[in-house]
Protein chains: 2
Amino acid sequence: MKQEKPSLDFERVLPHVSIDCVIFGFHENQLRVLLLHWKNSHTWSLPGGRVFRDESVQAAVYRILEERTGLREVFLQQFYTFGETDRLKNTDFQAIFADFGFDLEAGNVLFDRTVTVGYYALVEYSKVRPTPDFFTDECRWWDVQELPELIFDHKEIAEKALQTLRRQLSYQPVGLNLLPEKFTMPELQKLYETILDKELDRRNFHKRMLAYGILERLEERRSGGAHKSPYLYRFDLPKYQKALEEGWKGDW
Amino acid sequence: MKQEKPSLDFERVLPHVSIDCVIFGFHENQLRVLLLHWKNSHTWSLPGGRVFRDESVQAAVYRILEERTGLREVFLQQFYTFGETDRLKNTDFQAIFADFGFDLEAGNVLFDRTVTVGYYALVEYSKVRPTPDFFTDECRWWDVQELPELIFDHKEIAEKALQTLRRQLSYQPVGLNLLPEKFTMPELQKLYETILDKELDRRNFHKRMLAYGILERLEERRSGGAHKSPYLYRFDLPKYQKALEEGWKGDW
DNA sequence: ACAAAAGTGTTGCCGATACACCCATGA
DNA sequence: TCATGGGTGTATCGGCAACACTTTTGT
C-alpha cells in the first residue's frame, strides 16, 4: 500500500498534544511490539500521531491503530501521559520535515513542545497488517526483549507500558485480542510467562485459570503437534467482560 | 491573602493542555477533597491550571498544589488524561473572562479545546492553608461523599481519582502525607475504611498492617480519649518508600 | 463499677504451591 | 517404544478471615 504525501492540514490538528501507542502482539511464544522505521534514518519509533481538533483523544488512538494495523477490535488502555519539557530535545523537526518536502517556517506549531498520551493495545498478531505511513518505510514487529534504538522518550514509554500490562495481569484477565479465538492452555500460559518474563507451574496455572471462570473448553483438540493433543479453549465473552470491569483480588 | 489580577501572559502558557488536581485530605474520620468556588457563580471546581511552556507537567502540578495549599511535600499520582471533545461544552469562556475584566477576542487560544491531565494528591489536612486564586473566592474541603455540583467533567475526574486511590490501596501503602506524623492504629484504620467505604476488622487490620513492616511503634500513647489509650505509630520512611516502589501482591 | 475502646491470641478455611502420575502422539 | 508434552490429582503450607478475651481509661 502506497502512502500519499499528506496535505498536512495544520488547522485540523490540535497542537501540543500527541499520542503514542505501544501495540502488543503475541507470536511464536514471543511478546512483540509494532514499530515504525523512519525513511532515511536509523531510528525507529512507536506508532503515534496527532489528535484532530474535533476528535476525542480516544477516537484518535483508534484511528491511528486502524491505520497501522487495519484493526478496530482491540483492547486499549491509556497508561500515562508524558509531559517533560525535554521530551523531544535535540530533534530538528524543521530539517526532518524539509527532508520530506515540507517547507515549514521555524515557528510552526508542529515544532512546539508536545505532551503525549500513552496507550497500549493488545492485538491479534495474525490479523494485523502492518502498514507504514508517509514518513516511514517499514512497519514491523519486534521482540519486546530486543527493541532497537527508539526516538525521543519512546523507550521509556514502551517500558512503562509493559510495566502497566504486567500489573494488569495481576488483577484483570488478559488474553482476549492477543490470542486467536481458540487457543490451548499451554499457549495461554506461554503468553502469561512471556509478559511476566517468568516461568509458571503448568498444573497450578491450569487450575487458577479455570477457577477464574472465564474460559470455555471446547470439544476439539489441537492435533498436529508432536505430542499429546491439547484441548482448545475460548474466552467466555460475557464473563471475561465482567472480570475486566470488576477485576479480582480487589478485596481489601 | 489577596489575589492580584494576573497578567495573563498568554505567551507563557502552553495551550490545549491543562491540569486538574484531586487533593485528598483526612479529617474527623472523613476523606475530603479541596474545591474552589468561582466568584459570582454557584459552581465549584477542582484546583487546576495551565502548564507553562518551559515547565514540565509534573512541575506545573507541584506549582499549582503549592499555590492552593502552601505545601510542597505531598504524595502525587497521575491517574488519567481526559481528552473528550465536549469536556468544556456549553461554557462561554469569553463571557467569564469578560466578567473578570479580561477583554479577549473570541479566537483566543485559551478558549480552545483542552486536554486535561488528572492528578491526585494526598496531603496532611492540618498543614494545608486553602488559598483561592483570582477567579475564586473560596477554597475549602468537602466530604468526598457529598461533593457539590462541579463544572465541566470534574465530577467524573474526581470519581476516577477515588477509584484509582482505592486500587492503590490494594497494592501499595497509603497513609503517609495523609496522616500526621504520629498516629494511632485505629486512626489508620479509619482512613482505610473511609477510602474503601467499608468496615474492616480491627484485629486483622492490625496484624496485616504490622505484617507489611512499614510501621514503627513508639513508646508514647495517645491519652485524653475517653478510653484505653492507643499506641502511637509512625511510618518507617525507608521501608515505606520501598513498599511504594515495589508494591505488594504482585506475585502471580 | 461500668461502658467503650484498644491490645492481643486462636482457630479454621481456602487458595496457592509443590510435587507425581498417567495418557496421548509422532518419530 | 520412547521421548516429549499435556491432562489431572494430592498433600502441605501460609495468609487471611472469623472470632473471644483481657486491659485500660474516663465518667
Side-chain angles (χ1 to χ4, degrees), chain A residues 28-29 166 169-175 179-180 182-194 196 198-234 243 246-252, chain B residues 28-29 169-173 175 179-180 182-194 196 198-234 243 246-252:
Chain A
E28 290 175 350
N29 290 340
R166 284 211 178 103
L169 219 53
S170 69
Y171 62 85
Q172 279 183 338
V174 168
L179 291 170
K182 300 174 182 180
F183 51 89
T184 67
M185 195 63 86
E187 283 164 0
L188 181 60
Q189 182 177 343
K190 283 289 179 207
L191 171 61
Y192 269 67
E193 290 181 335
T194 310
L196 294 169
K198 179 181 174 180
E199 300 208 337
L200 302 172
D201 182 275
R202 185 166 47 94
R203 304 154 283 210
N204 295 331
F205 180 84
H206 188 94
K207 272 180 293 186
R208 188 158 161 178
M209 269 301 158
L210 291 184
Y212 287 155
I214 56 174
L215 291 177
E216 185 184 353
R217 192 168 91 172
L218 308 175
E219 286 313 310
E220 313 169 61
R221 287 160 170 266
R222 161 111 64 230
S223 60
H227 308 289
K228 179 169 180 177
S229 50
Y231 284 101
L232 285 172
Y233 289 83
R234 171 168 60 192
E246 298 178 1
W248 38 59
K249 279 200 204 175
D251 293 15
W252 302 72
Chain B
E28 291 176 348
N29 289 342
L169 218 53
S170 69
Y171 63 86
Q172 280 185 338
L179 291 170
K182 301 174 182 179
F183 53 88
T184 67
M185 195 62 84
E187 283 163 2
L188 180 60
Q189 182 177 342
K190 284 288 180 208
L191 171 61
Y192 270 67
E193 290 180 335
T194 310
L196 294 170
K198 179 180 172 180
E199 299 208 335
L200 301 172
D201 182 276
R202 185 166 46 94
R203 302 155 279 205
N204 294 333
F205 181 85
H206 188 92
K207 272 179 292 183
R208 189 156 162 176
M209 270 300 159
L210 291 184
Y212 287 154
I214 56 173
L215 291 177
E216 187 185 351
R217 193 168 91 172
L218 308 175
E219 287 313 311
E220 314 167 59
R221 288 161 170 264
R222 162 110 65 226
S223 61
H227 309 289
K228 179 168 180 177
S229 51
Y231 284 102
L232 285 171
Y233 290 83
R234 172 168 60 193
E246 299 178 1
W248 39 60
K249 279 200 204 175
D251 297 13
W252 249 84

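We use all heavy atoms of the structure for the numbers below, so side chains are in, but hydrogens, waters and symmetry mates are not. Being a predicted model, the structure only gives us computed values, none of them experimental. Chain A is the first sequence line, chain B the second, and so forth, proteins listed ahead of strands; every chain is numbered from 1.
Relative orientation of the A:Y212 and B:W252 rings is perpendicular, given thresholds of 30° and 60° on the angle between their planes.
The CZ-C1' distance, from B:R221 to C:dG7, rounds to 8 Å in whole Å. The nearest whole Å value for the distance from the CG atom in B:D201 to the P atom in C:dT10 is 16 Å. When the C1' atom of D:dG5 is taken as reference, atom NZ of A:K190 falls 10 Å away, rounded to whole Å. Atom CE of B:M209 is separated from atom P of D:dC16 by 12 Å (rounded to the nearest Å). For the pair A:N204 CG and C:dG15 P, the interatomic distance rounds to 14 Å; values are reported in whole Å. One atom, CE of A:M185, and another, C1' of D:dT8, lie 12 Å apart when rounded to the nearest Å. Rounding to whole angstrom units, CG of residue B:L232 and P of C:dA6 are separated by 12 Å. One atom, CZ of B:F205, and another, P of D:dA17, lie 12 Å apart when rounded to the nearest Å.
When each of A:E220, A:R221, A:R222 is checked for a side chain to side chain donor-acceptor pair (under 3.5 Å) with A:Y231, only A:R221 meets the rule.
Looking at heavy-atom distances under 4.0 Å, A:R203 makes contact with a base. Contact annotation for B:R222: no contact, since no heavy-atom pair falls under 4.0 Å across all strands. The residue B:R202 sits close to a base: some heavy atom pair falls under 4.0 Å.
Here the CG-OH distance, from B:L188 to B:Y233, works out to 10.0 Å after rounding to the nearest 0.5 Å. Note that the CG atom of A:D201 and the NZ atom of A:K207 stand 8.0 Å from one another [nearest 0.5 Å].
With DNA chain D read from its 5' end, the first of the two nearest nucleotides for A:T184 and B:G224 is the one closest to A:T184. Sequence order on DNA chain C of the closest nucleotides to A:Y212 and A:S229 puts A:Y212 first from the 5' end.
Donor-acceptor pairing under 3.5 Å, judged by distance alone, is absent between the side chain of B:H227 and the base of C:dA5. Counting distance only, with no hydrogens placed and no angle test, the side-chain atoms of B:K207 and the base atoms of C:dT10 include a donor-acceptor pair under 3.5 Å.
The closest donor-acceptor contact from the side chain of B:Q189 to the backbone of B:H206 lies at 3.5 Å or more, if one exists at all.
Put simply, A:H206 has a side-chain N or O that comes within less than 4.0 Å of OP1 or OP2 on D:dT8.
Distances from the side chain of B:P186 to the nucleotides C:dA6, D:dT8, D:dC16 place C:dA6 closest. The side chain of B:A226 sits closest to D:dG26 out of D:dT8, C:dG7, D:dG26. Comparing atom distances between the B:R217 side chain and each of D:dA17, C:dG7, C:dT17 picks out C:dG7 as nearest.
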